[in-house]
Amino acid sequence: MQRRSVIKSLATGAVAGGAAVAASTFPKPAIAQQTFRWRMQTTWPKNFPGLGTGAELLARLIRDMSDGRLQIEVFGAGEIVPAFETMDAVEGGTLEMGHGAPYYWLNKVPATQFIACMPFGMNAQEQNAWFLFGGGQELADKVYAEMGTKFFPSGNTGTQMMGWFNKEIHSIEDFRGLRYRLPGLGGRVAAAAGATVVNLPGGEIPPALSSGAIDAAEWVGPFNDLAFGFHQFARYYYGPGWHEPATVLDNFISLRAWEQLPNDLKRIVEAANRAVNSTVLSEFVARNNDALEKLINEHNVQQRMLNDETLTALGNLAGQVMNDLASQDAMSREVMDNILRFRKDAMAWSALSEEAFSRARGLDYTYAEPA
Ligand code: CA
């Protein structure tokens, strides 16, 4: 009876009504209509250049690519929990997502500091190649699963600067007694050289330098350091960034929340992170030199480089410190050894390609100039 009336209505031209009946017979899968609303806290001040804005870009890309099906509200450091408790908040379910740097979690899982970057380790392109083609993503997922989270590389600073000092550094001896803000493995190396090393979230560094609670601090590089105004508190700006040749930023997601996502949204989160990873690095490359020129020309900052003797001493210490840490923790050993093998191949190719090219580019010849 009912079917006959449908056929009849179709036959009489009541197409809209008929279509509605047909649609209700084949409802869309419920999962495709579900909207997920997540909260992400970062370890960065809200909208901090490059880092905080990278996290905002991630949320925006995920929202737009999913047509609003996955919406992520972004909070700056301290808005929900203190910066360094962000991982606990994601692990515990207060937040679904966080954005920071892997070495901030070394007291929870020591192997995270090897994922962040290794002193004298790899450059940004090598680091990304390791994640995509060297088994790095899988290893990092294994490390982050210890904290109940899924890992994505979500930005890279490129080579950093060693930081801000109130005195000149002529030898490894000059690290002795220095109260120095330096996180991760680089901090362990400076401690082995005799420094008193502290880790502070970014927002707490300027007041600590200004009050004299610390003598020296590194943050990232000119673009970010200018934004924090470190030049007001220290005169000497040292390179190179042996301690952080290419620091990875992490996007970590509660595994419970991650596993509730349908596959297409998982791929969107992955693709958005891939885009942010490359965008953040590009922004640092694009903006660092302008900022450095401002620091030198407008703020009278004295830019210095460590001498080779000091760098060689730090390289030796880095090897000892990392071997010691890896011998105490199987997961650190697994990550470090994997990176060491990848780094060896990367260095061999780099010597013939980028390093040889950089040398060629720096030779004394007359080049084209912009008109
Ligand atoms: Ca740093």
Side-chain angles (χ1 to χ4, degrees), residues 43-44 50-51 54 99-107 109-132 134-137 139-140 143-144 151-163 180-192 197 199 201-202 217-221 223-225 238-252 273 276-278 280-281 284-285 288 306 311 314-315 317-319 321-323 325-326 329 331-347 350 354:
T43 61
W44 327 114
L51 307 170
H99 195 271
Y103 51 40
Y104 290 156
W105 326 122
L106 67 87
N107 291 327
V109 179
T112 53
Q113 60 196 325
F114 288 89
I115 290 169
C117 64
M118 283 171 31
F120 298 90
M122 299 189 286
N123 66 28
Q125 183 51 51
E126 293 164 356
Q127 185 73 255
N128 286 328
W130 177 67
F131 280 124
L132 293 176
Q137 175 70 57
L139 259 181
V143 170
Y144 276 65
F151 166 89
F152 286 108
S154 189
N156 193 300
T157 64
T159 306
Q160 302 200 359
M161 286 290 277
M162 192 179 81
Y180 187 9
R181 184 273 177 188
L182 180 61
L185 290 166
R188 309 251 186 182
V189 175
V197 171
N199 191 13
E218 71 79 60
W219 173 234
V220 179
F223 168 44
N224 270 185
D225 294 4
Y238 266 92
W242 58 271
H243 65 302
E244 297 190 53
T247 300
V248 173
L249 309 181
D250 59 359
N251 176 226
F252 41 98
N273 267 304
V276 168
N277 197 38
S278 141
V280 169
L281 175 63
F284 279 104
V285 170
N288 270 330
L306 285 187
L311 284 168
L314 288 166
L317 279 179
V321 163
M322 292 193 299
N323 268 323
L325 288 169
D329 176 56
M331 195 173 265
S332 294
R333 169 64 66 190
E334 186 181 357
V335 174
M336 183 180 86
D337 285 0
N338 192 299
I339 292 173
L340 287 176
R341 284 190 288 270
F342 195 89
R343 173 183 178 274
K344 189 176 174 204
D345 286 343
M347 279 179 71
S350 177
E354 296 207 17

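The basis for the numbers below is simple: all heavy atoms, side chains too, and nothing from hydrogens, waters or symmetry mates. Computed from a predicted model, the values in this text were never measured in an experiment.
Side-chain contact between Gln137 and Pro153: present, with at least one pair of heavy atoms (C-beta onward) separated by less than 4.5 Å. Looking only at side-chain heavy atoms (C-beta outward), Arg188 and Pro119 stay at 4.5 Å or farther from each other. The shortest distance between side-chain heavy atoms of Leu139 and Trp130 falls below 4.5 Å. Annotation: side chain of Met336 is not in contact with side chain of Leu325 (no heavy-atom distance under 4.5 Å). In this structure, Asn323 and Arg333 have side chains that are in contact, with non-hydrogen atoms separated by less than 4.5 Å. The closest side-chain heavy-atom distance from Phe114 to Met322 is below 4.5 Å. The shortest side-chain heavy-atom distance between Leu314 and Phe120 falls under the 4.5 Å cut-off. Within the 4.5 Å cutoff, side-chain heavy atoms of Phe284 are placed close to those of Leu51.
Under 3.5 Å, the side chains of Asn128 and Asn156 contain no donor-acceptor pair of N or O atoms. Side chains of Tyr103 and Asn199: a donor-acceptor N/O pair is absent below 3.5 angstrom, by distance only.
In summary, of the residues considered (Leu182, Leu317, Val197), a side-chain contact (heavy atoms from CB on, under 4.5 Å) with Val189 occurs for Leu317 alone. Each of Gln160, Glu244, Met161 was scored for a side-chain contact (heavy atoms from CB on, under 4.5 Å) with Val220, with one residue passing: Gln160.
Across Gly184 and Leu106, no two heavy atoms sit closer than the pair CA-CD2, 4.0 Å. Of all the heavy atoms in Cys117 and Thr247, the pair that sits closest is SG-OG1, 3.5 Å. Residue Thr43 comes nearest to Gly100 through the heavy atom pair OG1-CA, 3.3 Å, listed as atom of the first residue, atom of the second, then distance. When all heavy atoms of Phe342 and Glu126 are compared, the closest pair comes out as CE2-O, 3.5 Å. When every heavy atom of Ala111 is checked against every heavy atom of Asp329, the shortest pair comes out as N-OD2, 4.1 Å. Annotation for Asn288 and Gly221: closest pair OD1-C, 3.9 Å, computed over non-hydrogen atoms.
Note on ring orientation: taking the six-membered ring where Trp is involved, the planes of Trp44 and Trp219 are perpendicular (angle over 60°, cut-offs 30° and 60°). Ring geometry for Phe151 versus Phe131: interplanar angle of 30 to 60°, hence tilted.
If you take CD on Gln125 and OG on Ser350, they are separated by 11.0 Å, rounding to the nearest 0.5 Å. Atoms CG and CH2, on Asn107 and Trp105 in that order, are 11.0 Å from each other to the nearest 0.5 Å. Separation of atoms CD1 (Ile115) and OG (Ser332) is listed at 9.0 Å; rounding is to 0.5 Å. With rounding to the nearest 0.5 Å, the separation of CD in Gln127 from CD1 in Ile339 is 6.0 Å. Taking NE2 of His99 as the reference point, atom OG of Ser154 lies at 3.0 Å (rounded to 0.5 Å).
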